Amino acid sequence: MKNLKILKEQFSKIQLQSEDEVISFAAFDVERNRLFLASSSNFIYTLSLPSSNKNYSLIILVLWQNAGGWNSISDNLVDLEPGDFITSMDYLMEKEALIIGTSYGLLLLYTADDNTTEIVGRLEGGVKCISPSPDGDLLGVITGFGQILVMTPDWDVLYEMALDDLPEDIDVHEHTYSSNYSSESPISWRGDGKYFATLSRVNNSQTLHKKLKIWERDSGALHSVSESNSFMGSTLDWMPSGAKIAAVYDRKEDRKCPSIVFFERNGLERSSFCLNVEIDATIELVKWNCNSDLLAAVVRGEKYDSLKIWFLSNNHWYLKQEIRYMKDDRVRFMWDPIKPLQLVTWTTSGHITGYNFVWNTAVMNNSVALVIDDSKILITPLSLSLIPPPMYLFCLNFPSAIQSMAFCSRSSLNHLAASLSDGRLCVVELPAIDCWEELEGKEFDVDAASFDSGYNSFIHLAWLDSHKLLGVSHYLVSNSAIKESSKDKLSMYCLQEIDLMCSEDRLPNSVTCSGWQAKGLNRLSLEGTVIGIAPNQGNGCSAYVQFDGGEVFEYALKLADARGLHQKREDMSFSSSCPWMDLVQIGGCLPQKALLFGLDDSGRLLVGERTLCNNCSSFSFYSNSADHSVTHLILSTKQDLLFIVDISDILKGELEVKYGNFLAVFKHRKGEDERNYIQIWERGARIIGVLHGDESAIILQTVRGNLECVYPRKLVLASIINALIQGRYKDALLMVRRQRIDFNVIIDHCGWQNFVQSAAEFVKQVNNLSYITEFVCSIKNENIMKTLYKNYISLPHDIEAKAVDGDLKSSHSNSKIHSVLLAIRKALEEHVTESPARELCILTTLARSDPPALEQALERIKIIRERELSGSGELRRELYPSAEEALKHLLWLSDTEAVFEAALGLYDLNLAAIVALNSQKDPKEFLPYLQELENMPIVLMRYNIDLKLQRFEAALQHIVSAGDAYFEDSMILMKKNPQLFPSGLQLITDSVKRNQVLEAWGDHFSSTKCFEDAAATYMCCSCLDKALKAYRECGNWGGVLTVAGLIKLGKEEVLQLAQELCDELQALGKPGDAAKIALEYCADVNAGINFLVSAREWEEALRTAFLYRRDDLVLEVKTASLECASSLVSEYEEGLEKVGKYLTRYLGVRQRRLLLAAKLQSDERSINELDDDTASETSSNFSGMSAYTLGTRKGSAASINSRASTKARDMRRQRNRGKIRAGSPGEEMGLVEHLKGMSLTSGAKRELKSLLICLVMLQKEDIARKLQHVATNFQLSQMAAVKLADEAISDDIVNEHFYVLDNYIPKIKEDMQHSELFSWQSKVLI
């Protein structure tokens, strides 16, 4: 579904040397981009073809002969004999010269650059046709005697054979035969040059029947022959791809119009199609373009000649373009050999026109397909039905073939304007699309509008509003009559505004295709070449006009005047010409703005001069809002990838981050596939349209012509979210069901708390209990917008904030499932009339609750059952399901065992029995148990049920209420379930029994090593011996000695206990506490001082020594402090040396890892181009084994170790985690962590400060100053090393001169001199 549009036309006029001179032949030079034309007067003209918007220019004029005689331009130019003339011409790329054949049989090689001519051969009978092979290695020639000669580049004849099958008694050299052989007989080569085809006359045929012959290149042998038929002339062309050979049948004898027929290489006819022309029309020339997708032909009719271009799609030949010429022009044409959409035509009078075509999608912005086929427009509303081409809903018949058209849809009416090949303008008004189903299968004849502009057919058309058109045509240039005096006007374009009015009365829901009158208003002459018009839909009185080169001007009704366009839009101009251009309006949650998108021939998708994508093949836009503002850009790439791009990402400049270069990049992270594109399943498929709104579909057309409709998950989610924002819950639910989206989108799009508030509206809109039940069964206790669909949809900021608030609240309130189902249950009860289906839906909400509210569900079933048994609900049976049906529904939704246990939990044995029977339990299993329960007292029955259901709180209540006889049972229950002890203390009031409970609880704490709690519990029940033991177990020496006082232990026993505590605390590493006990309870000063020195509490040790006036102990403290200071100085000096070594090693490892990472990255670029998971997995495993990578290897294909050996290896890794192994993958991070671990701890700083004060008190100021200096240097070096490593790890380059420890120490010293980290220092020692 695409239309071929003329992008631009370029004209030139050759000034012929005489009035009777005509252009006869043409040849194309691809390398120099020039065209050679030969005239009947033997002139050869060389034209340089334009590279941009310039016209053709005549560069060289070579004169072979003139009216007065034969002259030569250069000395080596050979004169032709009188009466000789050019009969064939082509260009040889290998020789960079023209090969020319004459009527006298001369083969001439003419080099245009130096004007030299060389005779390379002479053939008897003259030269009728010259055709080089596609590779240039061979030259095919047909002589006037009907002989085929195939020559080498050295002009040697490779082989020769007769074109026609002639009787043996006929001599081809006789004058009779040669004079009869006057028709042109072309040679057509296959694209690879292995075969060539000719048309040959049938011997002894009274008609014009001919045969198609296929010849082999290497030997000249006849490969195949077709059946004889009435071929028209010698029109023949082999498709460059080699699939088909095109020829023409003359069917005048059958009173039918000519038809183009296609043959295979074996000579069999494959297919054909009839031309919609007069019976007497002739087809003179048929040519394929270089891509083999367009077929052009010159049709000579009774009144005019025309150039027609067909396109094949779904086995139907569409006539996509018709360009008309006058009969006297005798137009001929030639496709560009390398540009498939460029064509050059010339007339015998020397008028040359170049056409640049472009394929435009036939699907408009409102999803209406308007396919041009000759004089018809085939209309299909894709939003109503995806009708495959060439079928359609209805069509419009125009007076002649359509060249260009424009479509406008506003105010529920649709307007169509078409510019025809005969220069007329037609206008059609169509009803609203909703009424088009009534037009199915109909055809409407369209009358031309009353309009006389004096201009050609419009190349470009656009609607400004429903009554105004803007068209572009050439200024005073006509294919039928080009004035020589208008040389300056050949390249001028005219921009014309057209006012439309309909004189007929319009009928509702009908097509208005006659009575239109057009009037030209503004006419602006434009000097440049216009290649496109984009109307501004937001402002109906303006449009954007693009010139060749990408410049964009704005046309406005009120501001445009005769001087030209009023304003150049620099913000919308492109950096190159963009044949495909579209203006879109954005809005909604984004600022109101118009964006002009353009796609150039190289695949660059542009917005202004900004490039969005470098490999785009097609694009379209999607809108899900009521105001038709665009929300998404849809583009396909040359790699057959489909991307859905948010317009907000374009405005924010986030394309590079989210989409990269629009290439196939796989990102596997934690097992997730984060591909943000869709792989198009068929190569070459293009986007032709989009279904907007809730449909959210993209229509693709394959190369074969088939239509495919895809529903990208991203667009579907966007349309669902849009419906939810608008409060259209039913539409959203229907989309979710149709597209198989997770139902939780409806809840999670803006947080489940907001949905709870609108649950009633949701139930009222949906009004379908089956749908609601399906919705209820799908609710999950997670936010799928952050898990399942996080890569597909980005919520607006306000909605995202609401969702985040909802997630934060969920931690302090009920769960999502419980709250949502509760809200839906209330809405069902309040807004839905009573019915069996409603009751079943309510039971579903209870069964699916989290946790399942099975007891509430059974209560409702129990009420229904009681009504059935009592007979009071006879009138309400139609409003409720039966108890059996409700129970079966509940059992289908829930675990049968859980339902049975819930029935037991209601203490209703009859209900439990019914549940067991309906759940297909074996009666031998549950009946004895239920009978046993039935025989028990009610309290014991409930106790046993609670035990079975593990409801221990209720079981304890029931067993305590059973009386003192069951106290032991309650104690056993509490001991087995210690969490019941607090409840037991509240239920049991007797003091003796409470003490037993407390003692049992204390024993439980002791068994679980909770000695502090055990001691407190024992104290509550006055078990002092157990409390003493518990305090001693937890190391609470204060509690031990306090309880000893409560027990009234003797002095000796307390002293012995204190000595034992000292030994225990010393063993536990608590010498400070041991010192207190030794001094306060044991009165042992020596032991106390020793404990304080061991604890490195230097100040306290010195104070205690002076307290007891013990000089010997003072000397002991002094000696120990000096030894400690000396030891610390050595440790800090050694640590300073280690910091330097570790840092040097780290920088070396870092630099080597960066070098290896750069090498791996360059190697992986080629690996990423492969769409293979194995390559990605291999790459990740390899990088994991690198010695300089941050990753760790989690698996290896070569691993054959057993699970036990793997577990042992993991244990060794745990033990060796603190070690740094050179060359290991974790060496770099291990060095950094080790440097950080060398920092001074708070305990070390406290001990260091105490030691410095002690040394100063002992008059050892020099030692204290040295210790502080060494410790300060160590701390500064360690902190500087850590900062250096942190900065180097984020840098891709390791600068050896910058990352030096000496550069960082002064910075740390300056920044941290007043920090708490150096609070241990003494200022007097600095």
Side-chain angles (χ1 to χ4, degrees), residues 1-3 313-314 316 318 360-398 402 405-418 426-447 449 461 463 465-467 469 500 502 504-516 535 537 620-624 626-628 687-701 705-709 711 719 731 734 738:
M1 286 187 171
K2 56 184 180 179
N3 296 324
S313 179
N314 267 22
H316 177 77
Y318 294 87
N360 279 347
T361 176
V363 181
M364 304 298 108
N365 291 333
N366 61 346
S367 308
V368 174
L370 305 172
V371 181
I372 295 176
D373 185 12
D374 196 358
S375 61
K376 296 182 178 181
I377 292 184
L378 313 179
I379 301 180
T380 304
L382 299 177
S383 58
L384 298 181
S385 177
L386 199 66
I387 301 175
M391 295 185 290
Y392 51 89
L393 187 68
F394 66 96
C395 75
L396 303 175
N397 289 328
F398 292 84
I402 302 152
M405 69 173 182
F407 184 78
C408 173
S409 177
R410 290 186 182 179
S411 302
S412 75
L413 291 178
N414 302 280
H415 292 84
L416 174 66
C426 293
V427 180
V428 181
E429 183 179 274
L430 301 171
I433 297 179
D434 298 338
C435 307
W436 285 14
E437 292 183 358
E438 302 174 0
L439 308 177
E440 183 176 1
K442 296 182 180 180
E443 294 188 6
F444 299 91
D445 295 327
V446 181
D447 296 337
L461 275 176
W463 287 91
D465 59 27
S466 58
H467 294 282
L469 272 174
L500 300 172
C502 185
E504 292 186 358
D505 295 333
R506 303 171 187 173
L507 299 176
N509 301 332
S510 64
V511 179
T512 306
C513 50
S514 61
W516 289 93
Q537 300 294 337
S620 186
F621 298 94
Y622 168 76
S623 171
N624 62 13
D627 59 353
H628 303 291
I687 302 170
I688 63 168
V690 173
L691 300 183
H692 302 277
D694 293 348
E695 290 296 327
S696 59
I698 299 175
I699 304 173
L700 302 172
Q701 187 168 29
N706 291 12
L707 294 184
E708 300 288 348
C709 190
Y711 297 84
S719 61
D731 295 337
L734 293 177
R738 183 170 63 249

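The structure presented is a predicted model; accordingly, all values stated were derived computationally and were not measured. Here, residue 1 is the first one in the sequence, and each next residue gets the next number.
Within the structure, the side chain to side chain donor-acceptor pair (under 3.5 Å) test picks out no pair touching residues 376-394 (sequence neighbours left out).
Using a 4.5 Å cut-off on side-chain heavy atoms (C-beta onward), Ile687 and Ile699 make no contact. Between Pro431 and Val511 the shortest side-chain heavy-atom distance falls below 4.5 Å. Between Met364 and Asn414, every side-chain heavy-atom pair lies at or beyond the 4.5 Å cut-off. Leu396 places a side-chain heavy atom less than 4.5 Å from the side chain of Leu416.
When all heavy atoms of Ile387 and Leu393 are compared, the pair lying nearest together is CD1-N, 4.1 Å. Nearest heavy-atom pair across Glu443 and Cys395 is CG-SG, 3.1 Å. Counting all heavy atoms, side chain and backbone alike, Ser313 lies closest to Gly705 at OG-CA, 3.4 Å. Between Leu707 and Pro388 the shortest heavy-atom distance is CD1-CA, 4.4 Å.
Judged by distance alone, with hydrogens and angles left aside, the side-chain atoms of Thr361 form no donor-acceptor pair with the main-chain N or O of Lys2 at under 3.5 Å. A donor-acceptor contact shorter than 3.5 Å links the side chain of Asn3 to the backbone of Ile372. Of the possible donor and acceptor atoms, none in the side chain of His415 sits under 3.5 Å from a partner among the backbone N and O of Cys408. The backbone N or O of Ala697 lies less than 3.5 Å from no partner atom in the side chain of Tyr622, so there is not a single donor-acceptor pair.
Partners of Glu695 according to the side-chain contact (heavy atoms from CB on, under 4.5 Å) rule, which considers only residues two or more places apart in sequence or in another chain, are Leu691, Tyr711.
Annotation: the span from Asn366 atom CG to Ile433 atom CD1 amounts to 4.5 Å, rounded to 0.5 Å. Atom CG of Asn397 is separated from atom SG of Cys513 by 9.5 Å, given to the nearest 0.5 angstrom.
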Practice item. Start with the C-alpha distance between Ile377 and Phe398, add both sets of side-chain angles, then the distance that settles side chain to side chain contact (heavy atoms under 4.5 Å, CB included), and finish with yes or no. Key: CA-CA 8 Å; Ile377 292 184; Phe398 292 84; 3.6 Å; yes

Steps toward side-chain hydrogen bond (donor to acceptor under 3.5 Å, both in side chains) verdict (His316, Asp373): CA-CA 10 Å; His316 177 77; Asp373 185 12; 2.9 Å; yes

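Using the six-membered ring where Trp is involved, Phe394 and Trp436 have ring planes that are perpendicular, over 60° apart on the 30 and 60° scheme.
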